[in-house]
Amino acid sequence: DAGVTQSPTHLIKTRGQQVTLRCSPKSGHDTVSWYQQALGQGPQFIFQYYEEEERQRGNFPDRFSGHQFPNYSSELNVNALLLGDSALYLCASSLVTGAYNEQFFGPGTRLTVL
Amino acid sequence: SQQGEEDPQALSIQEGENATMNCSYKTSINNLQWYRQNSGRGLVHLILIRSNEREKHSGRLRVTLDTSKKSSSLLITASRAADTASYFCAPLSGSARQLTFGSGTQLTVLP
């Protein structure tokens, strides 16, 4: 049973560039959430996708956008990168019908913006 | 959604000792979840306790919930070096679907 996978593992970009991160949910899951984790902090919720639509969003600017595909995989796009976007980006999957919203996390993508 | 606040921020113990960390929250919850994160990696779900439960066990883990005090505690018994990690709580209220984390408790287990 494959868990949540993310790619790439590490990424280095420069300010102003754009980046796309990818996530495949745990088998059987239909909901994908994205989190940003700065060094020494807890993960912060970016948004959640279900049925290919953004259903909930945290306090992040429009530079952060996403997409969910029919196979439930998801992408996170960040435009006009800032130094402050350097962080670990975590993807989590869950089942919309799950009673308790237990989420399964991937290993993350470490983004460094120079 | 609401954020849990973990306490202490850092905890250092010897292998074999017990480790206790606490979580406080502000409003009523449906359930509260604990997660572990090894350095720079993804979070691992440890245990979920529902609002109508007071205590739950899973292996060496024991979680308690006191809804009157709006607090939870996670006890790790007979700690091992492999337990070294950050621990986060996530209280869930109402129809909230996203998890909201505090800064966590950094546990170091010394061999």
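We use all heavy atoms of the structure for the numbers below, so side chains are in, but hydrogens, waters and symmetry mates are not. A, B, ... follow the sequence lines: proteins, then strands. Residue 1 opens every chain.
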Practice task
Report yes or no: do V63(B) and Y87(B) belong to one cluster of Ile/Leu/Val/Met/Phe/Trp/Tyr joined by side chain heavy-atom distances under 4.5 Å?
Solution key: yes
Handout entry: Residue N71(A) excluded, over 12 heavy atoms near CG under 6.0 Å
Key = yes
Exercise for the section: Please answer: with hydrophobic residues joined when any side-chain heavy atoms are less than 4.5 Å apart, are L21(A) and L81(A) in the same cluster? Expected result: yes
Completion exercise
CD (Q44(A)) and CD (Q3(B)) are apart, to the nearest 0.5 Å, by 6.5 Å
Practice task
Sort Q37(A) into side chain, backbone, both or neither according to what part of it lies under 4.5 angstrom from a heavy atom of chain B.
Solution key: side chain
Practice task
Let me know if E6(B) has heavy atoms under 4.5 Å from chain A in its side chain, its backbone, both or neither.
Solution key: neither
Exercise for the section: Report, as yes or no, whether the 6.0 Å neighbourhood of atom CG on L114(A) holds more than 12 heavy atoms from other residues, nucleotides or ligands. Expected result: yes
Exercise for the section: Indicate, with yes or no, if L92(B) and L46(B) share a hydrophobic cluster defined by side-chain heavy-atom contacts under 4.5 Å among Ile, Leu, Val, Met, Phe, Trp and Tyr. Expected result: no
Problem - Heavy atoms of other groups near Q14(B) CD, more than 12 under 6.0 Å - result: yes
Exercise for the section: Search all heavy atoms of Y35(B) against all heavy atoms of Q103(A) and return the closest pair with its distance. Expected result: OH-N, 3.2 Å
Exercise for the section: Calculate, to the nearest 0.5 Å, the distance between atoms CZ and CD belonging to F47(A) and Q98(B) respectively. Expected result: 13.0 Å
Handout entry: Where E102(A) and Q33(B) come nearest, the two heavy atoms and their spacing
Key = CA-OE1, 3.8 Å
Handout entry: Closest heavy-atom pair and its distance - Q37(B), L90(A)
Key = NE2-CD1, 4.2 Å
Practice task
Just jot down the side chain to side chain contact (heavy atoms under 4.5 Å, CB included) partners of S12(B), sequence neighbours excluded, or say none.
Solution key: T108(B), L110(B)
Practice task
With a 4.5 Å cut-off on heavy-atom pairs, point out which of G40(A), P107(A), P43(A) contacts chain B the most.
Solution key: P43(A)
Problem - Atom group of Y35(A) that falls short of 4.5 Å from chain B, counting heavy atoms - result: side chain
Exercise for the section: Would you mind checking which part of Q48(A) comes under 4.5 Å of any heavy atom in chain B, side chain (CB onward), backbone (N, CA, C, O), both or neither? Expected result: side chain
